[in-house]
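Structure first, commentary second.
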Amino acid sequence: MTQVGPTLKSNQAASVSQGFDIGRLLLEGRAFFALIAIIVVFSFLSPNYFTVANFLTMAQHVAIFGILAVGMLLVILNGGIDLSVGSTLGFAGVVAGFLMQGVTLTWFGIILYPPVWAVAVLCCVVGAVIGLINGVLIARFRVPAFVATLGVMYVVRGFALLMTNGLTYNNLGGKPELGNTGFDWLGFNRLAGVPIGVIVLCVIALIVSLVLNRSPFGRWLYASGGNERAAELSGVPVKAVQITVYMLSGMCAAIGGLILSSQLTSAGPTAGTTYELTAIAAVVIGGAALTGGRGNIRGTLLGAFVIGFLSDGLVIIGISSYWQTVFTGAVIVLAVLLNAIQYRRRTKRPAAGGQTTSPKQGG
């Protein structure tokens, strides 16, 4: 008669030890634990940090980075990178400022003041066109994403400087007699006490999350980011997916530019400088792989809040703002290192029979 008791007990013990891995828990939940640690530390250092009003103010600052990061996530899931989002954000703000100042039609001798909703729509179209240029360069002409978006970044920033001659559009609040008021609604108004920018971020994140998890486009995006050649052979429209994600990234940058200009009631050609690095950092901190195919909205939002709450906390306790750049760079390096460790563990984790599992099985 075969004895199965010891074997069953050993298998159960092995499954329990594999089911609860403290290292894996810390790696996969690092963004959440980092956010909790930041809140605890700065709440101890400053009595004004842990208040509802301060959290809402910081969330309002995070909203712009979060919207940029959502668009950047789509690009990184596809295995690309978009260095032009900061310039697109600044250019969208400049376009909004130009339109809010009035468009002079010399031939007809009139000045048009478009309504705010038309300004917002036109800025989103501008962002989509910039993303379309990036997508076509990368998907159709096979220009490396880094080079293509770097070139577009300089071109867009140059156009912003040319439009303004290096100056800033001020007083974008509009005038009631001209019918162009309401631009500051995005930056200053609140709904049930929550800033409009935060609500916009939540809506965009919810829509993108549903698209990634419940639509064929989401499956195509993950497939093309994981293995572009295999996805193409499987019938996935790889080029169309690439162009679409860059257009969506450009639209997210334009929305971020509208919110930032609304908060400042001004638009300058240098707005959004280095914002692309913050967006990349948020995505990487959230656990996305820079090689593509891995990442989600939840982690990206956590990464954005980690950076935002850390930066605002340093300002609150009186640390120089220049240190924010130092900490952001250090956080990016650390996040990439942890990502490499996490995905290496998934690939090399041994199975019960001594065999190694695939990345998908390990995850």
Side-chain angles (χ1 to χ4, degrees), residues 31-32 34-43 45-46 48-73 85-86 88-90 92-93 96 172 183-205 252-268 270-286 297 299-329 331-332:
F32 175 75
L35 182 60
I36 296 299
I38 288 171
I39 293 175
V40 171
V41 170
F42 285 111
S43 298
L45 295 176
S46 173
N48 300 321
Y49 190 85
F50 197 82
T51 61
V52 175
N54 185 52
F55 281 149
L56 289 176
T57 301
M58 291 192 298
Q60 190 173 11
H61 299 161
V62 172
I64 298 172
F65 299 136
I67 293 172
L68 286 180
V70 170
M72 186 67 71
L73 171 66
V85 292
T88 303
L89 181 147
L172 300 185
F183 185 71
D184 56 352
W185 182 80
L186 279 173
F188 292 97
N189 274 31
R190 299 193 175 200
L191 187 62
V194 181
I196 298 299
V198 178
I199 296 176
V200 173
L201 169 61
C202 294
V203 171
I204 292 176
C252 288
I255 294 173
L258 287 171
I259 296 175
L260 179 62
S261 300
S262 178
Q263 291 177 357
L264 302 175
T265 61
S266 64
T270 59
T273 304
T274 71
Y275 278 26
E276 59 275 358
L277 302 181
T278 306
I280 295 172
V283 176
V284 173
I285 292 171
I297 289 292
T300 298
L301 292 181
L302 285 172
F305 275 93
V306 166
I307 293 178
F309 280 24
L310 175 62
S311 299
D312 287 350
L314 292 173
V315 173
I316 289 174
I317 65 175
I319 301 297
S320 171
S321 60
Y322 299 132
W323 280 103
Q324 296 179 25
T325 305
V326 176
F327 280 108
T328 301
V331 165
I332 292 175

Interatomic distance, CD1@I38 vs CG@L310, rounded to 0.5 Å, equals 4.5 Å

Under 4.5 Å between any side-chain heavy atoms of Y275 and V85, yes or no? no

Would you confirm whether T88, through its side chain, and A254, through its main-chain N or O, come within 3.5 Å as a donor-acceptor pair? no

State, with a plain yes or no, whether a side-chain heavy atom of F188 is found less than 4.5 Å away from one of T265. yes

What closest approach, in Å, do P195 and L56 show between heavy atoms, and which atom pair accounts for it? CG-O, 3.8 Å

Who passes side-chain hydrogen bond (donor to acceptor under 3.5 Å, both in side chains) against D312, sequence neighbours left out? H61

Check whether any side-chain N or O of S262 sits under 3.5 Å from a backbone N or O of L258 as a donor-acceptor pair, and report yes or no. no

Approximate separation, where rounding is to 0.5 Å, of L186 CG and L260 CG: 11.5 Å

Do I39 and F305 have side-chain heavy atoms sitting under 4.5 Å apart? no

Taken in chain and number order and not counting sequence neighbours, the residues that satisfy ring pair (Phe, Tyr, Trp, His ring centres under 6.0 Å) with F32 are none

Looking at SG of C252 and CG of L89, how far apart are the two atoms once the value is rounded to the nearest 0.5 Å? 11.0 Å

N48 and N54, any side-chain heavy atoms less than 4.5 Å apart: no

Between A304 and G66, the two heavy atoms sitting closest are CB-CA, 3.9 Å

Are the side chains of F42 and L314 in contact, using a 4.5 Å heavy-atom criterion? yes

Going from CD1 on I67 to CG on L301, what distance comes out if it is rounded to the nearest 0.5 angstrom? 10.5 Å

Given side chains that start at C-beta, do those of L172 and D184 come closer than 4.5 Å, heavy atoms only? no

Could you pull out the closest heavy-atom pair between S43 and Y49, with the gap in Å? OG-CD2, 3.6 Å

One should read off an interatomic distance between I307 CD1 and T278 OG1, to the nearest 0.5 angstrom, of 6.0 Å

Spatial distance of atom OG1 (T300) from atom CG (L68) [nearest 0.5 Å]: 12.5 Å

Q60 (side chain) donor-acceptor with G187 (main chain) under 3.5 angstrom: yes

Can you tell if the side chain of V70 reaches within under 4.5 Å of the side chain of I297, non-hydrogen atoms only? yes

Parallel, tilted or perpendicular, as decided by the 30° and 60° cut-offs, for the rings of F309 and F55: parallel

